[in-house]
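Report on the following structure.
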Amino acid sequence: MLRDLHIRNYALIRQADLDFSPGFCVITGETGAGKSILVGALGLLLGNRADTGVLFEKDRKCVIEAGFEASGTDLPDFFQQHDLDWNNGDLILRREILPAGKSRAFVNDTPVTLPVLKEISAALVDIHSQHGTLALNTASFQLRLLDSYLSDKSLPALYRECYRQYESIRRQLADLRQRRDQTEKEKDYWQFLYQELCSLQLKEGEQEEMEQALETLSHAQALRETFAESLARLDGEELGVLPLLKQTVRDLRKIAPFHPGLSASMERWEPVVVEIDDLRCDLQKWMDSVNDDPALKQRYEERLDLLYRMEKKHQVEDVSGLIRIRESLSGKLQESETGQAELERLEEVFEKKQQETEALALRLSQARREAAESLQAAILKALSGLAMGNARLEIALAPLPAPGPEGKDRISFLFSANPGAPMDEIAKVASGGELSRLMLAVKSVVHQDRLIGTLILDEIDTGVSGNIAAKVARMMKGMSRHMQVIAITHLPQIAAAADAHYWVCKSVEGGESASHLRKLDARGHLEHIASMLSNGNPGPAAMRAAEEMIRG
């Protein structure tokens, strides 16, 4: 139940503080005074979109705060899941719109996201505006209405989750099949490339080794001649560098004891001989290893030419790149095999989920057909209390060719308000007043077993007057025995039935229009009913009529 509402800097309201009573509350006021501003303010608490256009003073923030008694709702588990303080059902919801355009939401002073605020407020308040009556003409509203009357109310959500999983698997399966088809087109080519690379028997570093070996083979003669000449200069018997150097070292060693400087330098001469001798051995070994085999040179040239062509083909720079391509192709070929197995597995899963979805859709359809009969009877009974005892209503369900997001049913409400008139879609046969009464009957039926605390009706009595208005008032009054009903109305018959009456008026302050709200006492309630009966100029007769109307 809505206990209190505090509005700061919203639309035409600079500041308003209202305490609401249980039972049946009405809000009246002149046209344009700002009655529906209250609905807009509460809409912010329900998570409606807001912008800085709602600010009364553009440089100050807007604050909408409401206190609720929510002990009879299903919210405790939700609060526990979101780590919110339940506080025995004493809830304060707050929404702030900052001048910069940002919006903040709070529950019991704890910041929350807008989706969390929406879910909480949806369990507390149902706002129905006069424009919402048009929703009766839409199949989506009609289906939600019927589902709210199912004996097993969890069935639609159960089906929607099953269908969501079904659609998810279907999309995965379609994606896998597309990839499979694409793979099949390319698989033979991948296999050819893979076999081609495997046949090369590639080895890391082989290209560099062959390129160096080919360089040596290409200069074999020059290498051998230079090695031979160098060895001749080193080993020549008469003028060879190495024999002469060795003889020099032997001669110096003989006289070294007679000269201290020479003796010390002998340690440097002898390593030079050893080093040159080692280098001579290397030259000899390299000369012996020089190979000018034309057949080997041709093999290297052919192998390198093949590698170069393959590298150009695959747009890589070396054998390592070709090896990476080979391993990638191997992975693709293996993936194509495992992908086929995954496709077969997913096809089995999809078939089972499809069967489950079909079964749930049939179960939901059967439940809807059973509920449709009960809902029809309940709405017609409510309509009879609104002077529409001759009305006829049929909730028609037709099967769809395949399950959809909401099941396998196409729904239509067929209606006739007058005897003998053909039944047709509501939008084609119902007048504004009939549509209002039909929606009120619907609201009275669907809220009978709901745990929602507050129902707000924003001029749902459009097109209604006279004796019909009194019947509408009695129905609203009857609904208020099960929940708090707040009606924004222009009809004195409805206002007279209220347990609490709130008046909205507009004034000009500093050249700006501003709306004001206050709760009327018993005298104010009487005077305003009389004013509504007399178009604003109540006399004694109007006062007596208002007293009679209030007594019922």
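- Note that CG of Leu114 is 9.0 Å distant from CG of Asn48, once rounded to the nearest 0.5 Å.
- In summary, Arg368 and Asp147 engage in a salt bridge, as defined by a charged side-chain N under 4.0 Å from a carboxylate O.
- Gln484 places a side-chain N or O within donor-acceptor distance of the main-chain N or O of Ser21, the cut-off being under 3.5 Å.
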task: Show the numbers, then the answer: is there a side-chain hydrogen bond (donor to acceptor under 3.5 Å, both in side chains) between Gln376 and Ser374?
output: CA-CA 5 Å; Gln376 284 175 193; Ser374 300; over 6 Å; no
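- Ile456 contributes atom CD1, which lies 4.5 Å from atom CD1 of Ile486 (distance to the nearest 0.5 angstrom).
- Only one option out of Leu93, Val107, Ile120 pairs with Val112 in a side chain to side chain contact (heavy atoms under 4.5 Å, CB included); it is Val107.
- Counting only heavy atoms from C-beta outward, the side chains of Gln142 and Ile395 never approach each other to under 4.5 Å.
- For the residue pair Gly466 and Gln493, the shortest heavy atom distance occurs at O-NE2, 3.4 Å.
- Residues meeting the ring pair (Phe, Tyr, Trp, His ring centres under 6.0 Å) test with His525, sequence neighbours left out: His501.
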task: Test Glu347 against Arg177 for salt bridge (Lys or Arg N to Asp or Glu O under 4.0 Å), laying out the working first.
output: CA-CA 10 Å; Glu347 284 174 339; Arg177 284 171 174 163; 3.4 Å; yes
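- Residues Leu75 and Leu91 are in side-chain contact: their nearest non-hydrogen atoms beyond the backbone lie under 4.5 Å apart.
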message: Walk me through whether Arg345 and Glu348 qualify under salt bridge (Lys or Arg N to Asp or Glu O under 4.0 Å).
response: CA-CA 5 Å; Arg345 184 198 68 80; Glu348 293 180 7; over 6 Å; no
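- Phe78 is listed as a side-chain neighbour of Val116, based on a closest heavy-atom distance under 4.5 Å.
- In terms of heavy atoms, Thr52 sits closest to Pro99 at CG2-O, 3.2 Å.
- Residue-environment remark: CZ (Arg551) exceeds the threshold of 12 foreign heavy atoms within 6.0 Å.
- Between Arg164 and Glu161, at least one side-chain nitrogen of the basic residue sits less than 4.0 Å from a carboxylate oxygen of the acidic one, meeting the salt-bridge criterion.
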field: Pair Leu393-Leu414, side-chain contact (heavy atoms from CB on, under 4.5 Å): steps then yes or no
entry: CA-CA 6 Å; Leu393 175 69; Leu414 303 178; over 6 Å; no
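- Taking all atoms of both residues into account, the shortest heavy-atom contact from Ala391 to Phe415 is CB-CE1, 4.0 Å.
- For Lys102, the NZ atom counts as loosely surrounded, since its 6.0 Å shell holds 12 or fewer non-hydrogen atoms of other residues, nucleotides or ligands.
- A donor-acceptor pair under 3.5 Å is formed between the side chain of Ser480 and the backbone N or O of Lys477.
- In this structure, Arg95 does not pair ionically with Glu65, as no charged nitrogen and carboxylate oxygen lie closer than 4.0 Å.
- Sparse packing is recorded around CG of Asp83, with 12 or fewer heavy atoms of other residues, nucleotides or ligands lying under 6.0 Å away.
- For the pair Arg94 and Phe106, the cation-pi criterion (under 6.0 Å, within 45° of the ring axis) is fulfilled.
- Using a 4.0 Å cut-off between charged nitrogen and carboxylate oxygen, Glu547 and Arg544 do not count as a salt-bridge pair.
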- request: Just do the side-chain contact (heavy atoms from CB on, under 4.5 Å) check on Ile460 and Met439 with the steps written out, would you?
  value: CA-CA 8 Å; Ile460 196 174; Met439 178 56 88; 3.8 Å; yes
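- Look at Asp17 and Arg8 and you find a salt bridge, because one of the NZ, NE, NH1 or NH2 atoms lies within 4.0 Å of a carboxylate O, short of that distance.
- Counting heavy atoms of neighbouring residues, nucleotides and ligands inside a 6.0 Å radius, atom CD of Gln165 exceeds 12 of them.
- A side-chain donor-acceptor contact under 3.5 Å links Thr454 to the backbone of Leu2.
- Residues Val26 and Tyr502 form no side-chain contact, since every pair of their non-hydrogen atoms from C-beta on lies 4.5 Å or further apart.
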- request: Any chance you could lay out the side-chain hydrogen bond (donor to acceptor under 3.5 Å, both in side chains) test for Gln354 and Glu358, step after step, and finish with the verdict?
  value: CA-CA 6 Å; Gln354 188 175 35; Glu358 286 278 359; 5.7 Å; no
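- Side chain of Asp458 to main chain of Ile488: no donor-acceptor pair is present (N/O by atom type, distance under 3.5 Å, no hydrogens or angles).
- Between Arg437 and Glu434 no salt bridge is recorded (no basic side-chain N to carboxylate O distance below 4.0 Å).
- The backbone N or O of Ala421 sits nowhere less than 3.5 Å from a side-chain atom of Asn418 that would complete a donor-acceptor pair.
- Side-chain contact between Lys353 and Cys162 is present, with heavy atoms from C-beta onward closer than 4.5 Å.
- Checked by atom type and distance alone, the side chain of Lys153 pairs as donor or acceptor with a backbone atom of Leu150 at under 3.5 Å.
- Ion pairing of Arg363 with Asp152 is present here, as a side-chain N (NZ or NE/NH1/NH2) and a carboxylate O approach within less than 4.0 Å.
- Lys381 NZ to Ser444 OG: the interatomic distance, rounded to the nearest 0.5 Å, is 10.5 Å.
- The nearest pair of heavy atoms linking Met549 to Ala496 is CG-CB, 3.4 Å.
- The backbone N or O of Arg60 lies less than 3.5 Å from a partner atom in the side chain of Asn9, making a donor-acceptor pair.
- Side-chain contact between Leu38 and Ile7: present, with at least one pair of heavy atoms (C-beta onward) separated by less than 4.5 Å.
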Derivation and outcome, side-chain contact (heavy atoms from CB on, under 4.5 Å), residues Leu346 and Gln172: CA-CA 8 Å; Leu346 198 60; Gln172 292 178 49; 3.8 Å; yes
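- Within the 4.5 Å cutoff, no side-chain heavy atoms of Asp90 are placed close to those of Phe68.
- Contact record, Ala441 with Leu383: CB-CD2, 3.8 Å, taken as the closest heavy-atom pair.
- Leu5 is not listed as a side-chain neighbour of Asp19, based on a closest heavy-atom distance of 4.5 Å or more.
- Residue Lys471 holds its NZ atom at 10.0 Å from CE of Met475, rounded to the nearest 0.5 Å.
- Here CG of Leu45 is found 13.0 Å from NZ of Lys118. Values are rounded to the nearest 0.5 Å.
- Ion pairing between a basic and an acidic side chain is recognised when a charged N comes within 4.0 Å of a carboxylate O; Arg523 and Glu527 show such pairing.
- Atom CZ of Arg518 sits about 11.5 Å away from atom CG of Leu18, to the nearest 0.5 Å.
- Ring pair Trp86/Phe79 is perpendicular by interplanar angle, where above 60° counts as perpendicular and below 30° as parallel.
- The two atoms that bring Ala495 and Ile529 nearest to each other are CB-CD1, 3.4 Å, heavy atoms only.
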Evaluation steps, side-chain contact (heavy atoms from CB on, under 4.5 Å), between Phe20 and Asp4: CA-CA 5 Å; Phe20 285 91; Asp4 51 78; 5.8 Å; no
